[in-house]
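Heads up: the structure comes next, in structure tokens.
Computed from heavy atoms alone, side chains included, the values below leave out hydrogens, waters and symmetry copies. Here is the naming used below: chain letters follow the sequence lines, and residue numbers restart at 1 for every chain.
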Protein chains: 2
Amino acid sequence: MISQMRRFNRTVTQRIGALDDTFLSRGRPLGQARVLWEIGTGGIQVRTLRSRLGLDSGYLSRLLRALEAGGLVVVGADPGDGRIRTVRLTQAGLAERAELDRLSDERAASILRPLSGRQRGRLAAAMAEVERLLTASMVSIAAADPRHPDARHCVREYFAELAGRFDGGFDPARSISADDDELTPPAGLLLVATLRGDPVGCGALKFHGGAPTEVKRMWVSPAIRGLGLGRRLLAELEARAAERGAHTLRLETNETLTEAIALYRAAGYREVDAFNSEPYAHHWFQKTLT
Amino acid sequence: MISQMRRFNRTVTQRIGALDDTFLSRGRPLGQARVLWEIGTGGIQVRTLRSRLGLDSGYLSRLLRALEAGGLVVVGADPGDGRIRTVRLTQAGLAERAELDRLSDERAASILRPLSGRQRGRLAAAMAEVERLLTASMVSIAAADPRHPDARHCVREYFAELAGRFDGGFDPARSISADDDELTPPAGLLLVATLRGDPVGCGALKFHGGAPTEVKRMWVSPAIRGLGLGRRLLAELEARAAERGAHTLRLETNETLTEAIALYRAAGYREVDAFNSEPYAHHWFQKTLT
DNA sequence: CAAGTTCTCTGACTAAAGTCAGAGAATGGA
DNA sequence: TCCATTCTCTGACTTTAGTCAGAGAACTTG
């Protein structure tokens with residue numbers, strides 16, 4: 001329950017407010033405290049630290065010197081690359097971080113203390129709901145080059161999932177193609193959904209001139225299913241297709257992809273006769289854009 | 001929905017995180033931005049501003065000079081008291097504040113935009129629930145002197161409510177006494193519940209040596225009923241009574257106070273024969289502390 | 001009306017936060 | 001091997017934030 005509360009805290013303050021480091025500083029300047037916390041128990045590269053906290057390199061360097069002087073961290077050269085430096089917490093630093101962790105837990109607990117058991121349960125449920133929905137709203141969708149690492153990641157995951165779910169696996173080479181060029185404007189397009197910078201879903205279009213536009217590569221990361229991202233991706237694809245003058249969208253799918261089939265039906269796609277010979281397909285759908 | 005979102009924001013960031021003024025600053029130092037916002041559209045006394053934001057008087061004075069130099073505020077003498085100064089926003093200041101307001105609304109709207117109608121509804125409900133419960137958890141209960149303004153306020157409101165609800169009104173003089181001395185240790189005690197510094201409920205004990213301890217003055221502000229404060233007050237009274245060695249608690253109540261009666265029953269009080277001649281009472285309850 | 005209080009302001013500080021321009025070592029690629 | 005790039009560090013700043021001690025005007029109270 002407490003860790004749930006803290007996760008909520010993180011999401012909400014990140015999305016809605018600022019981080020509350022103030023109470024974490026414990027007499028220390030806030031900048032130092034934030035660095036101390038962000039180093040984590042396993043150590044971290046200085047460059048990573050800098051980009052995560054968005055700090056000036058000179059400023060961070062000085063913060064590290066101060067922490068070093070306090071005996072809380074040690075900075076050493078990275079074994080792989082001599083330019084990069086790595087920070088680790090010392091015993092004292094780890095103890096300090098553990099104390100901050102404890103204080104943070106206690107703070108969460110102090111919020112729960114006045115509530116009855118029933119109220120705590122309801123608070124937890126409501127916080128989880130808020131967190132889920134705010135997370136959903138943080139997902140952003142943008143057109144991407146199919147060669148971009150994020151796009152590659154999504155397509156790889158998509159294929160892996162098909163291979164796992166289809167009876168007898170999945171071999172992309174046997175399936176109807178949708179290669180990089182076919183998903184690059186003007187031939188087609190690929191949308192990638194990202195959450196906090198990580199790719200979490202995709203969807204693509206293949207244009208065929210006056211003939212119906214094909215929907216391909218619809219995939220949502222299992223980690224964030226149930227947040228309506230599939231619907232958003234599909235709606236965005238439809239909007240893009242309409243912009244390009246498409247009147248009809250078509251897609252085919254495998255019988256094992258039940259959520260996808262439900263999604264297409266809910267989005268107004270009607271099942272039609274097979275319009276191609278995709279070996280992995282059992283269902284063919286079509287929708288007329290209005 | 002947006003104002004609900006912003007109310008939630010305020011509660012959550014106040015309770016869980018820090019205020020997010022950063023995005024409100026718009027190139028201005030944070031301190032100035034906070035002051036600008038807090039002045040409000042109607043103007044404010046400098047002393048109020050200082051206590052609300054918890055600023056040093058010298059610091060605030062300088063912040064006001066800076067805003068004045070920027071043409072955003074005017075500082076003038078208070079008409080009633082020449083020592084007090086009053087700040088008002090100029091046209092430019094009002095425009096700036098309106099802009100901050102707009103940005104804040106837009107920020108809330110941008111969170112909602114990616115969500116479907118259903119999701120928005122669920123988010124609103126969950127946020128309201130979280131806000132309600134965090135508010136409940138912000139109420140603090142402490143023993144107070146019955147002569148303290150907060151205590152007076154509660155008792156006054158309590159009497160006013162009885163007068164409104166009882167058939168034929170309520171005259172404290174006809175009721176069994178529970179005057180200041182009787183509610184002051186060691187004769188008795190008064191608990192006052194406060195929310196953000198405002199009194200929102202009370203409850204009292206009258207000790208009678210070896211005889212059962214009386215519960216008096218149970219009241220919760222209508223504004224925050226349904227948050228379990230009555231139960232908390234009663235539990236706290238019972239704990240205090242137990243500390244003082246009490247074994248039995250007693251109370252009487254009027255038939256019109258149905259929520260109170262339900263509360264007492266739920267808390268384990270059993271209805272007993274009249275043990276006093278309180279003219280306004282219809283029910284007498286008793287509980288043995290274990 | 002004298003004495004104490006309240007309120008705001010200025011001067012004189014300190015500490016923290018953050019910026020910018022290099023210097024110098026290490027690395028990767030032509 | 002040389003040159004551009006990456007990465008960290010130092011020096012030399014500026015701006016914010018915040019504190020503390022009084023001064024002086026305006027009010028309150030005995």
query = Between atom CD in A/Gln45 and atom C1' in C/dA26, what is the gap in whole Å?
reply = 14 Å

Upstream residue (5' side of DNA chain C) when A/Gly54 and A/Gly82 are each assigned their closest nucleotide = A/Gly54

ask   = Between C/dC9 atom P and B/Leu67 atom CG, what is the distance in whole Å?
value = 12 Å

query = According to a strict under-4.0 Å criterion, is A/Arg85 in side-chain N/O contact with OP1 or OP2 of D/dC9?
reply = yes

message = Can you work out whether B/Asp78 or B/Gln32 has the more 5'-proximal nearest nucleotide on DNA chain D?
response = B/Gln32

query = Just to confirm, is there a sub-4.0 Å distance from OP1 or OP2 of D/dT8 to any side-chain nitrogen or oxygen of A/Arg50?
reply = yes

Could you pull out the protein-nucleic contacts involving nucleotides 10-13 of chain D (nitrogen or oxygen on both sides, under 3.5 Å)?
unit_1: D/dG11; atom_1: N7; unit_2: A/Arg62; atom_2: NH1; d: 3.1
unit_1: D/dG11; atom_1: O6; unit_2: A/Arg62; atom_2: NH2; d: 2.6
unit_1: D/dA12; atom_1: N6; unit_2: A/Arg62; atom_2: NH2; d: 3.4

inquiry  = I'd like to know if B/Asp145 pairs up with B/Arg152 as an ion pair, taking the criterion as any Lys NZ or Arg NE/NH1/NH2 lying under 4.0 Å from an Asp or Glu carboxylate oxygen.
reply    = no

query = Where is the tightest heavy-atom contact between B/Pro199 and B/Cys154, given as atom of each residue plus distance?
reply = CB-SG, 3.7 Å

query = For the side chain of A/Ser221 and the backbone of A/Ala223, is there at least one donor-acceptor N/O pair under 3.5 Å apart?
reply = yes

message = Using a strict threshold of under 4.0 Å (side-chain N to carboxylate O), is an ion pair present between A/Arg240 and A/Glu236?
response = yes

message = If the threshold is 4.0 Å, N to carboxylate O, is there a salt bridge linking A/Glu182 and A/Lys216?
response = no

task = Among the candidates C/dA17, C/dC9, C/dT6, find the nucleotide nearest to the side-chain atoms of B/Arg83.
result = C/dT6

Which residue lies more 5' along DNA chain C, comparing A/Leu63 with B/Thr48 via nearest heavy atoms = B/Thr48

note = Rounded to whole Å, CG of A/Leu60 lies from P of D/dC7 at a distance of 14 Å

